[in-house]
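Take a look at the structure set out below.
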There are 2 protein chains.
Amino acid sequence: MAANILLVEDEPGIQELLKFNLAQAGHQVTAAGDAEHALKFLKSTLPDVILLDWMLPGMSGIDLCKRLRSDERYQPIPIIMLTARGEERDKVLGLDTGADDYITKPFSPRELVSRIKAVLRRRAPQMTDEPVEINNLKLDPSSHRVSGRGQALELGPTEFRLLHFFMTHPERVYSRAQLLDQVWGDDVFVEERTVDVHIRRLRLALEPSGHAELIQTVRGSGYRFSADVG
Amino acid sequence: MAANILLVEDEPGIQELLKFNLAQAGHQVTAAGDAEHALKFLKSTLPDVILLDWMLPGMSGIDLCKRLRSDERYQPIPIIMLTARGEERDKVLGLDTGADDYITKPFSPRELVSRIKAVLRRRAPQMTDEPVEINNLKLDPSSHRVSGRGQALELGPTEFRLLHFFMTHPERVYSRAQLLDQVWGDDVFVEERTVDVHIRRLRLALEPSGHAELIQTVRGSGYRFSADVG
DNA sequence: GCTGGATGTCATAAATCGGTCATACTGCCG
DNA sequence: CGGCAGTATGACCGATTTATGACATCCAGC
C-alpha cells in the first residue's frame with residue numbers, strides 16, 4: 001500500500017485520530033478541514049484515495065463528491081465517504097454521488113484501513129504494492145523486483161508496470177487499447193503496435209526462468225496473462 | 001458487458017452523472033439532449049442499448065420509443081425508460097410502448113447497471129461476458145477461452161464468435177443469413193456458403209473433446225446448437 | 001557534452017485467417 | 001433408380017494480424 005490519502009474532516013479530534021491511524025498503517029495523509037481547502041490541495045496534487053466526511057461546514061461532503069466526480073481530472077480517484085448516519089436512504093444517496101464506498105461512524109481504524117485497501121484494489125489493483133506471485137513468478141512492487149523460481153529477472157520500467165498489471169489481472173484478455181490505458185495512462189498518444197514491442201520485451205525478460213509462456217497472444221483480441229499454459 | 005449505450009436525457013446534471021457511472025461500468029456512452037439528436041445519431045450508429053428519459057423537450061420519450069419500435073432497423077435494440085413518476089399506470093404505459101424495462105428515479109447507478117446487464121442478457125446474450133457452459137463445454141468470453149471436459153480447445157476468432165452465439169442461443173435453428181447477421185455483422189457482404197465452411201472449422205475445433213455433435217445441421221433451414229445429441 | 005538505458009516507430013518476415021471455389025457426398029422427390 | 005437441391009470437404013490465395021530486428025530519439029547521470 002503506502003497510498004497518498006486526502007482526508008477531508010472538519011472535527012479536529014477525529015482528524016487527528018485518523019491521521020495518526022492512517023500514518024500508522026503506512027499511508028501519507030494530508031488533511032483538509034473543509035471543501036475549499038480540499039479543492040485547493042487537489043489543484044496541485046492528486047491523492048490515491050479521498051476520505052470525505054459527510055457533513056462539512058460550507059460545501060457538504062456530498063456536494064464535494066459530486067463536484068469531484070464531474071471533473072474528469074479527479075474522476076478516477078476512489079472516494080470513501082465517512083458518515084455518522086446509518087440510514088439506508090443515505091447509503092444509496094452516497095453511492096449515487098459516485099462514492100466508491102462509505103463507512104459509518106464509529107468505525108475501527110482497522111476497518112477503515114481495510115476498506116481503503118479494498119477500494120484501491122478495486123480501482124487499480126496494481127496500485128497496491130503487495131507482492132504478487134503466480135506460478136513461481138514473483139513480483140514485489142515495494143522493492144521493485146521480479147524473480148522466477150528464485151532467479152532474479154531484469155525488466156525495464158514499462159515492462160515492470162505491464163507485468164504488474166497482468167499479474168493483478170490474470171486470466172483475462174486485454175486489447176492493446178486497454179493496455180495502453182491501464183499501463184501507459186489514458187492521456188498518452190502512442191501507437192497500438194507499440195504494445196506488441198513491449199510484450200516482446202517482457203517475454204524476453206521472462207524467458208530465463210521460463211515464464212514467457214504466461215504472456216499469451218489472443219489473436220484478434222489482445223493479450224492475456226494466464227497461469228494456465230494450455 | 002462493455003456495451004455501446006445511447007443516453008437520451010435533457011437534464012445536463014443527470015446526463016453527466018449517468019455518463020460517468022456507465023463509463024465507470026465499462027460502457028461506451030453517447031448522450032443526446034432530445035429526440036431529434038437521438039434520431040440523428042441512430043441514423044449512423046446502432047447502439048446496444050438505449051436509455052430513454054420519459055420527459056423530453058419536443059418529442060417525448062414515449063413517442064420516441066414508439067417510433068423506434070415501429071422501425072424494423074431499431075426494433076431489436078433494447079430500450080430502458082427512465083422516469084420520475086412512480087405511478088403504476090405509467091409503468092404499464094412504458095411497457096406498452098415497447099420499452100424492455102423501466103426504472104424510476106431516483107435509482108442507484110448499481111441498479112441501472114444491473115438492469116442494463118439483464119436487458120442485454122435477454123436481448124443479446126452473447127454481448128455479456130459471462131461464461132457459458134453446456135454439456136461440459138465451457139466458453140469464457142473474458143479470458144477468451146474454450147474447453148471441453150477440461151481440455152483446452154483452440155478456435156479462431158470467427159469460430160469463437162460463432163460458438164459464443166450458438167451457446168447463448170441453443171436449441172434453435174438459425175439460417176445462414178441469420179448467422180451472418182448475428183456473428184459477422186449486418187453490414188458484411190459475404191457468400192452464404194461461407195457459413196458452411198466456418199461451421200466445419202468449428203466442428204473440427206470441437207472434435208478433440210467430442211463436442212462436434214452439438215453443432216447440428218438442419219437440412220433446408222440452417223444450423224442448430226443443441227445439447228440434445230439425439 | 002557524453003554515455004547508456006529506455007522507449008516509440010517502422011519495415012519486414014512470419015503466422016494465421018477468411019472467403020471462395022471445385023468437387024464429393026447425402027438425403028429426398030417422383 | 002436417377003435427378004436435384006442442399007451440404008460437406010479440401011485446397012487455394014489474398015488479406016490481416018502478430019513477431020521481430022533495427023533504428024532514431026530522449027533523458028538521467030556523469
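Predicted, not measured: the structure shown is a model, and the values here were computed from it. When reading the values below, keep in mind they use all heavy atoms of this one structure, side chains included, and skip hydrogens, waters and symmetry mates. Protein chains get the first letters and strands the later ones, always in sequence-line order, with residue 1 at the start of each.
- Counting heavy atoms of neighbouring residues, nucleotides and ligands inside a 6.0 Å radius, atom CZ of A/Arg176 exceeds 12 of them.
- Both A/Gly222 and B/Val197 sit near DNA chain D, but only B/Val197 has its closest nucleotide nearer the 5' end.
- When rounded to the nearest whole Å, the span between CD1 of A/Ile199 and P of D/dT20 equals 12 Å.
- Here the P atom of nucleotide D/dA19 and the CD atom of A/Gln216 are 12 Å apart, to the nearest Å.
- For a distance-only test at 3.5 Å, the side chain of A/Arg219 fails to qualify as a donor-acceptor partner of the base of D/dT18.
- Separating the CG atom of B/Leu180 from the P atom of C/dT20 is a distance of 10 Å, rounded to the nearest angstrom.
- Nucleic acid contact for B/Val218: sugar-phosphate only, since backbone atoms but no base atoms lie under 4.0 Å from a heavy atom of the residue.
- Residue contacts for B/Tyr223: at a heavy-atom cut-off of 4.0 Å it reaches the sugar-phosphate backbone alone, with no base atom in range.
- Within the structure, a side-chain polar atom (N or O) of A/Arg203 is placed less than 4.0 Å from OP1 or OP2 of D/dA19.
- In B/Gln151, the CD atom is crowded: over 12 heavy atoms of neighbouring residues, nucleotides or ligands sit closer than 6.0 Å.
- Contact annotation: A/Arg176 side-chain N/O to D/dT18 OP1/OP2 distance is under 4.0 Å.
- The interatomic distance linking B/Arg200 (CZ) with C/dA24 (P) rounds to 16 Å, in whole Å.
- Close to D/dT7, at under 4.0 Å from its OP1 or OP2, lies a side-chain N or O of B/Arg193.
- Ring planes of B/Phe225 and B/Phe166: parallel class, angle under 30° (limits at 30 and 60°).
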Take A/Phe41 and A/His37, measure what ring-ring contact (aromatic ring centres under 6.0 Å, His included) needs, and give me the verdict at the end. CA-CA 6 Å; A/Phe41 172 76; A/His37 282 87; over 10 Å; no
Under 3.5 Å, which protein N or O atoms sit close to an N or O of nucleotides 3-7 of chain C? Give each pair with its distance.
from	atom 1	to	atom 2	distance (Å)
C/dT7	OP1	A/Thr158	N	3.1
C/dT7	OP1	A/Thr158	OG1	2.6
C/dT7	O5'	A/Thr158	OG1	3.3

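- Remark: C1' of C/dA11 and CG of A/Asp196 are 14 Å apart, rounded to the nearest angstrom.
- Taking the six-membered ring for Trp and thresholds of 30 and 60 degrees, B/Trp184 and B/His198 have ring planes more than 60 degrees apart, a perpendicular arrangement.
- Taking 4.0 Å as the cut-off between side-chain N and carboxylate O, A/Asp196 and A/Arg201 do not count as a salt-bridged pair.
- Listed by chain and residue number, B/Arg145 satisfy the salt bridge (charged side-chain N to carboxylate O under 4.0 Å, His left out) test with A/Glu171 (two or more places apart in sequence, or in another chain).
- When the C1' atom of C/dT20 is taken as reference, atom CZ of B/Phe189 falls 11 Å away, rounded to whole Å.
- If you measure from atom CD1 of B/Ile215 to atom C1' of D/dA8, you get 15 Å, rounded to the nearest angstrom.
- Distances shorter than 4.0 Å separate some side-chain N or O of A/Thr217 from OP1 or OP2 on D/dA19.
- B/His144 places its NE2 atom 14 Å from the C1' atom of D/dT17, with the value rounded to the nearest Å.
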